[in-house]
> 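Structure below; questions to follow.
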Amino acid sequence: MSALADSVPHIRAISEADIDQVMAIEASIYTHPWTRGNFLDSIKAGYTCHVMEVAGAVIGYGVLMLAAREAHLLNLSIARQWQHRGYGKSMLLHFIDASRRADALQMYLEVRLSNDVGRSLYASMGFFSVAVRPGYYPATHGREDAILMGLNL
Ligand SMILES: CC(C)(COP(=O)(O)OP(=O)(O)OC[C@H]1O[C@@H](n2cnc3c(N)ncnc32)[C@H](O)[C@@H]1OP(=O)(O)O)[C@@H](O)C(=O)NCCC(=O)NCCS
């Protein structure tokens with residue numbers, strides 16, 4: 001592959017060899033990160049676990065569960081130094097596309113009430129608020145509500 005092509009982000013299926021890089025990103029962007037077991041279980045369960053890679057380095061990833069014509073986005077993450085450059089939106093578009101190709105009718109995700117960037121990304125892609133899940137997330141002090149957001153595919 002040419003050096004130029006190598007520097008263009010591309011999305012591919014995760015492999016167990018990526019987990020160390022994924023865990024490092026996860027620990028650096030979340031107060032309550034997923035565990036290695038969460039990722040390994042997602043792979044074992046056959047969820048759509050994809051990473052975004054630039055020049056051999058993982059810069060983002062997501063986990064999508066597809067079942068009963070519903071898609072549930074369980075994780076969407078971009079490494080801090082790569083955020084706000086449109087990569088989160090392109091990964092989200094990738095998972096929306098994957099959900100449509102799998103004939104899902106709706107896509108759902110939970111987002112922290114305080115996550116303004118996440119909420120505005122999802123709203124900009126047409127997601128609407130479905131419900132509040134009280135105390136869904138652990139927080140530094142107590143628990144935090146999640147907004148369940150949905151998209152008709
Ligand atoms: C949320 C996240 C995935 C978004 O990815 P990103 O690459 O940073 O976002 P993008 O550059 O693709 O921006 C997409 C949209 O997000 C919103 N956004 C991005 N930066 C923002 C900022 N500083 N303030 C408010 N909204 C912002 C905008 O709606 C933007 O759309 P626009 O560019 O058309 O205005 C990423 O920031 C991230 O991993 N954050 C930490 C983990 C997290 O919160 N994950 C989501 C859990 S539900």
Side-chain angles (χ1 to χ4, degrees), residues 9-14 18-54 57-153:
H10 68 280
I11 298 174
R12 60 164 175 80
I14 200 170
D18 298 315
I19 303 278
D20 284 346
Q21 290 186 79
V22 165
M23 290 303 298
I25 297 171
E26 186 76 12
S28 69
I29 61 174
Y30 291 107
T31 51
H32 296 81
W34 273 28
T35 63
R36 183 176 295 270
N38 293 143
F39 287 102
L40 293 173
D41 287 348
S42 297
I43 295 171
K44 208 188 296 174
Y47 298 165
T48 305
C49 305
H50 286 174
V51 296
M52 181 178 265
E53 182 182 57
V54 177
V58 172
I59 67 151
Y61 48 88
V63 176
L64 180 75
M65 180 176 72
L66 289 160
R69 303 201 73 186
E70 258 183 37
H72 203 130
L73 189 62
L74 302 177
N75 191 317
L76 180 72
S77 305
I78 300 292
R80 193 175 303 283
Q81 65 273 35
W82 293 89
Q83 290 177 3
H84 314 313
R85 299 195 211 176
Y87 297 131
K89 186 173 270 189
S90 23
M91 280 220 88
L92 181 58
L93 273 169
H94 167 84
F95 284 114
I96 292 172
D97 201 44
S99 303
R100 289 197 173 120
R101 278 187 279 109
D103 285 333
L105 299 174
Q106 275 91 30
M107 185 166 176
Y108 293 102
L109 57 87
E110 281 87 12
V111 58
R112 280 181 190 265
L113 191 62
S114 62
N115 188 345
D116 293 335
V117 175
R119 288 177 64 184
S120 101
L121 164 62
Y122 302 131
S124 77
M125 299 300 291
F127 281 82
F128 52 88
S129 298
V130 176
V132 174
R133 296 200 193 280
Y136 185 81
Y137 289 111
T140 311
H141 302 289
R143 314 269 316 168
E144 181 175 0
D145 295 352
I147 312 288
L148 173 68
M149 299 187 82
L151 178 73
N152 293 321
L153 298 167

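Only a predicted model underlies this, so the values are computations on that prediction, with no experimental measurement involved. Note that the numbering runs from 1 along the sequence shown for the chain.
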> I want to check something: taking the side chain as every heavy atom from C-beta on, are Leu105 and Glu70 in contact at a cut-off of under 4.5 Å?
no
> Any idea how Trp82 and Tyr87 line up, ring-wise: parallel (<30°), tilted (30 to 60°), or perpendicular (>60°)?
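Tilted.
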> Do the side chain of Gln83 and the main chain of Ile78 share a donor and acceptor less than 3.5 angstrom apart?
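Yes, Gln83 side chain to Ile78 backbone: donor-acceptor pair under 3.5 Å.
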> Less than 4.5 Å apart, side chain to side chain, heavy atoms only: is that true for Trp34 and Val63?
yes
> Is a side-chain N or O of Arg69 found less than 3.5 angstrom from the main chain of Asp103, in a donor-acceptor match?
yes
> Take Leu73 and Leu92, measure what side chain to side chain contact (heavy atoms under 4.5 Å, CB included) needs, and give me the verdict at the end.
CA-CA 9 Å; Leu73 189 62; Leu92 181 58; 3.8 Å; yes
> From Glu110 CD over to Asn115 CG, what is the distance, rounded to the nearest 0.5 angstrom?
13.0 Å
> Which value, rounded to the nearest 0.5 Å, describes the distance between Met107 atom CE and Leu109 atom CG?
6.5 Å
> Before giving the answer on ring pair (Phe, Tyr, Trp, His ring centres under 6.0 Å), spell out for Tyr61 and Phe39 the whole-Å C-alpha distance, their side-chain angles and the decisive distance to 0.1 Å.
CA-CA 11 Å; Tyr61 48 88; Phe39 287 102; 5.7 Å; yes
> Assess the residue pair Asp145 and Arg112 against the criterion (salt bridge (Lys or Arg N to Asp or Glu O under 4.0 Å)); give the C-alpha distance rounded to whole Å, side-chain angles, the decisive distance to 0.1 Å, and a yes or no.
CA-CA 6 Å; Asp145 295 352; Arg112 280 181 190 265; over 6 Å; no
> How many angstroms lie between OG in Ser77 and CD1 in Ile25, if you round to the nearest 0.5 Å?
8.0 Å
> If only atom types and distance count, is the side chain of Glu144 paired as donor or acceptor with the main-chain N or O of Ser114 below 3.5 Å?
yes
> To the nearest 0.5 angstrom, please state how far the OG atom of Ser129 sits from the CG atom of Leu148.
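If I round to the nearest 0.5 Å, the distance is 8.5 Å.
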> Do any N or O atoms from the side chain of Gln21 and from the backbone of Val58 form a donor-acceptor pair under 3.5 angstrom?
yes
> For Leu66 and Ala104, which heavy atoms make the closest approach, and how far apart are they?
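Where Leu66 meets Ala104 most closely, the heavy atoms are CD2-CB, 4.3 Å.
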> What distance separates His10 NE2 from Ser90 OG, expressed to the nearest 0.5 Å?
13.0 Å
> Find the distance between CD (Gln106) and OG (Ser99) and round it off to the nearest 0.5 Å.
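One gets 11.0 Å once the value is rounded to the nearest 0.5 Å.
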> State, yes or no, whether a side-chain contact exists between Ile59 and Glu53 at a heavy-atom distance under 4.5 Å.
no
> Could you go through the side chain to side chain contact (heavy atoms under 4.5 Å, CB included) check for Glu26 and Asn75 one step at a time?
CA-CA 10 Å; Glu26 186 76 12; Asn75 191 317; 3.4 Å; yes
> Compare every heavy atom of Met91 with every heavy atom of Gly62, then report the nearest pair and how far apart it is.
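Of all heavy-atom pairs spanning Gly62 and Met91, the closest is N-CE, 4.2 Å.
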> Test Leu153 against Leu151 for side chain to side chain contact (heavy atoms under 4.5 Å, CB included), laying out the working first.
CA-CA 6 Å; Leu153 298 167; Leu151 178 73; 3.9 Å; yes
> Is Asp18 paired with Arg12 through a side-chain N to carboxylate O contact shorter than 4.0 Å?
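A salt bridge is present here (some side-chain N lies under 4.0 Å from a carboxylate O).
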> Test your reading of the model: is there a side-chain donor-acceptor pair from Arg143 to the backbone of Tyr136, 3.5 Å cut-off?
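Here the side-chain-to-backbone pair exists.
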> For residues Phe127 and Tyr108, establish whether the separation of their ring centroids is below 6.0 Å.
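Between Tyr108 and Phe127, which both carry aromatic rings, the centre distance is not below 6.0 Å.
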> Tell me if a side-chain donor or acceptor on Asn38 pairs with a main-chain N or O of Thr35 at a distance below 3.5 Å.
yes
> Between the side chain of Arg133 and the main-chain N/O of Ile147, is any donor-acceptor distance below 3.5 Å?
no
> Assess the residue pair Ile14 and His50 against the criterion (side chain to side chain contact (heavy atoms under 4.5 Å, CB included)); give the C-alpha distance rounded to whole Å, side-chain angles, the decisive distance to 0.1 Å, and a yes or no.
CA-CA 5 Å; Ile14 200 170; His50 286 174; over 6 Å; no
> Below 4.5 Å, heavy atoms only, C-beta onward: do Leu64 and His72 meet side chain to side chain?
no
